[in-house]
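Notes follow the structure.
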Amino acid sequence: MRLSRIRNFSIVAHIDHGKSTLADRLLALTGTMDAKKAVDQVLDSMDLERERGITIKAHTVRLLYRARDGQEYTLNLIDTPGHVDFSYEVSRALAACEGALLIIDAAQGIEAQTLANFYLASDANLTIIPVINKIDLPAADVEGTRAQITETLDLDGDEALAMSAKHGTGVPEVLEAIVQRIPPPQGDPDAPLKALVFDSFYDSYQGVVVHVRLQDGRVRPGTRILLMSNGRTYDVQQVGVFSPDMRPVEELSAGQVGYITAAMKRVADAKVGETITEAARPTTAPFPGYRDAKPMVFAGLYPIEDTEYEALRDALEKLRLNDPAFTFEPETSLALGYGFRCGFLGMLHMEIVQERLEREFDLSLIVTAPSVQYRILTTKGEVLDIDNPSKLPTPDKIEQMEEPYVRSSVFVPTEFMTAIYKLAQEKRGEHKSLEYHGKRVHIRFDFPLAEIVVDFYDKLKSISKGYASFDYEFADFRPSDLVKLDILLNGDPVDALSVIVHRDKAYEKGKALAEKLRAVIPRQLFEVAIQAAIGSRVIARETVKAMGKNVTAKCYGGDITRKRKLLERQKEGKKRMKQVGRVEVPQEAFLSVLKS
Amino acid sequence: MAIGQLHPVALAGVEPGDASLGFYVHVPFCAQRCGYCSFNTAALEAGAMARYLAALPRELDLLGDLPWARRVRIATVFFGGGTPSLLAPDELAAVLDRLRARFAVAPDAEVTVECNPESVARAKLEGYRAAGVNRLSLGVQALDDALLPRLGRLHDARGARAAFASAREAGFGNVSVDLMYGLPGLDADGFARAVEAVLGWAPAHLSAYALTLDAGSRWAAAGVAGLPPEEAVVEQYWRLARAAAARGFEHYEISNYARPGFRARHNLIYWRAAEYLAAGPGACGFVGGVRYANVRATPRWCETLEQGTLPVDASETLTPRQRLAERLILGLRTADGVPHAWLDERLAGDTPLRRRVDAWRARGLLGETGSGVRLSEEGFLLSDALFVELL
C-alpha cells in the first residue's frame, strides 16, 4: 500500500463535545459498520467507559474512504484515553498519528480539555484540524467559536470545519479534510522494522494482541521480532487491522496501523511505548519517550468474606494480564485479615480496577485508604519504601521521612488564578513559575504526590468551572514532617484506617475522619467510640450511640412474607460490612478515609 | 424465591402438614382510613359490602372443595380488617355457618372479631356471641381525646370505655384491647395513664404497638409532625412492660400481653410458623410450605370469585432454609422462644453467627427457657438486629 494513501489520526475533545458521535458517523459513512450498530458507540466498548463517558483504553479502527479525487484512502482512527491518570498512554497513542481532529462544541466554545488536548497534540507535532460541532443547536455560535480558535489556539479559526455529528451535516467535509490536510505518514518500508506499541490487550485465544504503528519496515506472520526494552524475541503469528473487528492481513508495512499477535502471555511483555523491531535486522534507534508505567497510589484490597480470598487472587491475576500498570502482592491486616496490596496509576485507575473486580468477578471488596510510597531512613541507616501506613516503623526508629513530589503544570484562564493559588497552598504546593499566554496562564507547581492523588483534580475542575487542565510527573523524594494518624474503634487500632499525613494537617484530618466515620458506622448493640490518635495522643473523638430499638411491632399472618423480604434486603446491605473486632464497619467507611 | 402465579389447582396440590389450621377472614371495609394504617382496606361504598358478602361464601366453598379440606380441623377463626365489626350479626353468622359447613371447625375453636369501639353496641355483640364468636379484639389505640381524631379514629375515650363495658355485658370474658405508643404528641406519662386506665378495665389480653410508618400509610407518604424521639418510645415500651407485669400479665410476644390462659391462640399459629388458611381480599395463607396471598383489590377479588376461581394472586414455596429462618424469627418473637435444635441447625457451620448469638447471650438479650432459647424483654426491643442475621 502506498504511504500517500494512508492517514493516521486521532480525535480529541473536551468531554461531551461529541467525539464518540463523530467517530460513529465516520464509521457509518465509510461503511465500516452499519449505523444501527454504530449507535452503541463501539469505541467506548467497556461498560465502564460508556457509563463514565470517558475512554479508558485506546481503540483503533481502520476506515476505507474513497475521496473526491477518486482514490481510496486508508484512514486509521486511533482513539485515546481521556484522563490525567493515563496521560502517558495518550501521548503514545498520539505519537502513532500524523494528525488530530480537535472537536469544539459550538455552544460551549473552548474548554479546559480542548486546550489540554490541543497542547498534547501540538507537542506530538500533529497537524490539528479544528472542527466545530453541534452547529444545529439553537445556542450554537460558530463565528464566535472561530474567533476563539484564532485567539486561544494559535490556529486559523476560518479554517475550522463546521458540522453536526448528530445529524451528519458537514461530516463528509471532515473526511475530505482528513485526506487533504493531514500529511501521509513517512517511512521506509525497506528499512529495518520499527513499530510503536500504543496499546495491547489480552485475548484468551491469541494471547496478547499488540496495537502497533509501523514507522519503517514490514512485519508478517513468521517475522521474528525483538522487543527493544526487554530484549525478548517472538515469532509473529498474525498481523491484521481493526475494521472494526480484528481482520488478519498478509503484511503490515511502514506507515500502517494494525495489530500483531505473537503468542505473548502477558500484556506486560509488550508495554505501551515499546519499540518492536526485527530480531535479524534491528533498527538502530528505538522510539524516544518509553517509560515503565509505575504505580503511584497503593491501597489494600480485601474480600469482605474471607472465603473469597482465592477468588480475589485469581481475579487480580486475570486483570493484570491486561493491565501491566497495576501491581499486587499479598498482605495481611489485623483488622481485615488476608488481602492484597495493590498499586495503581491514580485514583481513577484504582476505581476502575475495583469496579471491574466487583462487576466482572462478582466480588465484594474493602478498599483501604490509598497511600503513596514514602521513603524512610531508619536510625540504623536502612532505607525503607513504605506504601502501607501500618508498616511504618515507630517514630523512635525513624531518622528521616521523605515523601514523593511531582512536577505539575496547570493551564487556567487568568480569572481563576487566585483560586488556583489558594488551592495549591492548601495542598502544600510550591510555586515554580508563571507564564502568560493571552488570557490564560501556565503555572508550574511542585506538589507532594499524596496531596494530589485523591481529589485534587476534581477540586481544580470545580474551582475553575472546568477550565483548568492539569498534568504531572514524578519529581523526587523530599524530606517532610509526617506523622501516622491512627483510628481506634472502642480502643482498638484499626490498621486499615491508618494514614500518613503532614503534621500540620493531622489534627484537621483526624477530626474530619472521626466525624465521617461516625456518620457511616451504623448503630450497633453497644456504643462505639471512634478515636483519631497520633501515637498515644488522642486528637479527636466521636461516639456512635448504641442501638435503642430495632423491632417490627406487628407481625401477623399477612406480614410474615413482607417482613422476611425486608430483612433479606437488610441482610444484603450487611454483606457490605466487615467485622472489625466486635464492630461492624461498612465498606464505605474505608473509602471515607480518603474523602474526608 | 420466585413469587409466581399459583393456579388454584396448585393450592389443591399442596398438602397441609398440620392436622389443625387457623382460618383468617379479611373484612376490608372501613368507614375512614387511619393515618398510620397500611393494611388492605376499602371504602365502604354503596353495594360494596353486599358484593363482598356474596363473594366470600364462594371463596369458602372453593377452599372447602380442595381435596384435603375435609381432613383438616379449624382450631381458630379470626375476623380481621379493615373493620370486621361493620358486619351485622346475621352477616357474620352466615359466614361462620358457611365455614362450619365446609370445614370441621373445632367445637372449642377460638373465634375472634376485631372491633372498632364506635361500631359496637351491646346488641350487636350479643349477636356475635350467639353466632359463635368468643373473643373480641377492641381497637382502642389511645384514650386521649385530642389525639384520637389525629389518628383518624372515630371514637373518643368514653366510647372506648363504653365499648369495653358492652363487650362484658354481652358476655365476653375474653376481650383484648389494642393500644399504640410512640404516637405524635403523646409523652410517656400520657401513655402510662392510658395503660393504667385500660388495665383497670381488667381485659384478658392487651396488644400494644409502637407506631411504625409503614409504606402504604398516609403518614409514611405525607409525614407526620411531633413524633417522639427514640428514647421516649423505648421508655414507653418499658412503662408498659412494667405496668402489665404488675397486673399479672405475661409479656408473651413482642407486642402482646395476656393474663394466664388468655394468649391469642390464632396469633400463636403465626408465631409458631404453623399453618393457616385465609379468605378475603389480600388475605395471606400458609399451607404445606407455601405462602400465598389473595388478590388485594376488593373489586377484583370479588370478580375473580364471581368467575368461580380462587382469587390467589401470588405464592411462594419456602426453601428449607427459609422455613427454618421463619421459624426462628417468628418463634423468637414470643416468650416461648424456639427449641435449641432449631437454633443449632441454623448455627451449624456458621461460626461468625454463633459468635454473634453468643454476644447476644452475654448481653442478656437472649436466654434459656429450659428446652430452648428466647429473647429477653430487652432483646425484644432489638430483635430485628438478630433476625436479620438468622435469615
Side-chain angles (χ1 to χ4, degrees), chain A residues 302-309 335-338 364 366 489-490 492 518 521-528 543-586, chain B residues 1 3 22 24 26 39-40 78 80 180 182 207-212 214 229-231 233-234 237 253-255 266-267 269-271 273 276 278 282-286 291 293 314 316 318 322 325-326 329-330 333 352 355-356 359-360 363 365 380-391:
Chain A
Y302 290 81
I304 289 187
E305 298 291 338
D306 300 341
T307 50
E308 285 190 341
Y309 176 80
L336 300 179
Y338 292 95
S364 289
I366 297 282
L489 294 181
N490 282 352
D492 299 324
R518 177 175 54 78
I521 293 176
R523 295 168 69 187
Q524 328 239 330
L525 291 179
F526 42 85
E527 188 175 286
V528 178
T543 306
V544 179
K545 280 202 308 180
M547 189 188 288
K549 169 175 158 293
N550 184 4
V551 56
T552 304
K554 277 193 179 182
C555 189
Y556 297 102
D559 308 313
I560 295 168
T561 303
R562 190 160 39 97
K563 165 161 167 118
R564 179 164 46 74
K565 296 201 182 304
L566 224 73
L567 290 170
E568 277 166 359
R569 275 202 293 281
Q570 279 180 36
K571 193 181 175 91
E572 272 307 303
K574 281 177 84 79
K575 282 192 182 157
R576 318 290 283 184
M577 303 263 223
K578 186 86 186 177
Q579 184 90 18
V580 177
R582 285 162 61 228
V583 184
E584 281 183 337
V585 183
Chain B
M1 49 162 236
I3 289 215
Y24 177 79
H26 192 73
F39 289 151
N40 188 31
F78 194 102
M180 295 177 75
S207 301
Y209 307 104
L211 172 69
T212 46
D214 292 321
E230 182 186 84
E231 305 85 70
V233 182
V234 170
Y237 169 89
E253 196 263 353
I254 288 172
S255 302
H266 183 82
N267 293 340
I269 289 176
Y270 300 142
W271 302 321
Y276 52 98
C284 297
F286 181 46
R291 291 207 177 272
E316 180 180 21
L318 299 185
Q322 286 173 321
E326 282 196 350
I329 67 178
L330 293 166
R333 292 185 67 87
R355 275 203 296 269
R356 203 69 57 90
W360 277 66
R363 302 187 70 83
L365 301 171
F380 280 163
L381 261 181
L382 301 170
S383 51
D384 279 354
L386 182 63
F387 294 166
V388 73
E389 304 283 344
L390 291 176
L391 282 183

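Computed from a predicted structure; not experimentally measured. Within every chain, numbering begins at 1; the chains are lettered A, B, ... in the order of the sequence lines, protein sequences first and strands thereafter.
Judged by distance alone, with hydrogens and angles left aside, the side-chain atoms of A:Lys571 form a donor-acceptor pair with the main-chain N or O of B:Glu389 at under 3.5 Å. In terms of modelled atom types and a separation under 3.5 Å, the side chain of B:Tyr24 and the main chain of A:Gly557 share no donor-acceptor contact. No donor-acceptor pair under 3.5 Å is formed between the side chain of B:Arg291 and the backbone N or O of A:Gly558.
With values rounded to the nearest 0.5 angstrom, B:Ile254 atom CD1 is found 7.0 Å from A:Thr552 atom OG1. Considering CD of B:Gln322 and OG1 of A:Thr561, their distance stands at 9.5 Å, rounded to 0.5 Å.
Residue B:Leu318 touches chain A through its side chain alone, counting heavy-atom pairs closer than 4.5 Å. Looking at A:Arg569, neither its backbone nor its side chain comes within 4.5 Å of chain B, counting heavy atoms on both sides. Heavy-atom distances place no part of B:Leu211 under 4.5 Å from chain A, backbone and side chain included. Residue B:Ala293: no heavy atom, backbone or side chain, is found under 4.5 Å from chain A.
Residues B:Leu391 and A:Gln570 are not in side-chain contact: their nearest non-hydrogen atoms beyond the backbone lie 4.5 Å or more apart. Under the 4.5 Å side-chain criterion, counting only non-hydrogen atoms from C-beta, B:Trp360 is in contact with A:Leu525. A 4.5 Å side-chain heavy-atom check between B:Glu231 and A:Lys545 finds at least one atom pair inside the cut-off. A:Lys563 is not listed as a side-chain neighbour of B:Leu330, based on a closest heavy-atom distance of 4.5 Å or more. B:Phe387 places none of its side-chain heavy atoms less than 4.5 Å from the side chain of A:Val551.
Among all heavy-atom pairs drawn from A:Lys549 and B:Ala210, the shortest one is CE-CB, 4.1 Å. In plain terms, the two heavy atoms of B:Ser255 and A:Ala553 that are nearest each other are OG-O, 2.7 Å.
Within a 6.0 Å sphere centred on OH of A:Tyr338, other residues, nucleotides and ligands contribute 12 heavy atoms or fewer.
Contact tally against chain A (heavy-atom pairs below 4.5 Å) for B:Phe380, B:Phe39, B:Trp271, B:Phe286: the top residue is B:Trp271.
A donor and an acceptor atom, one from each side chain of A:Gln579 and B:Arg356, are located under 3.5 Å apart.
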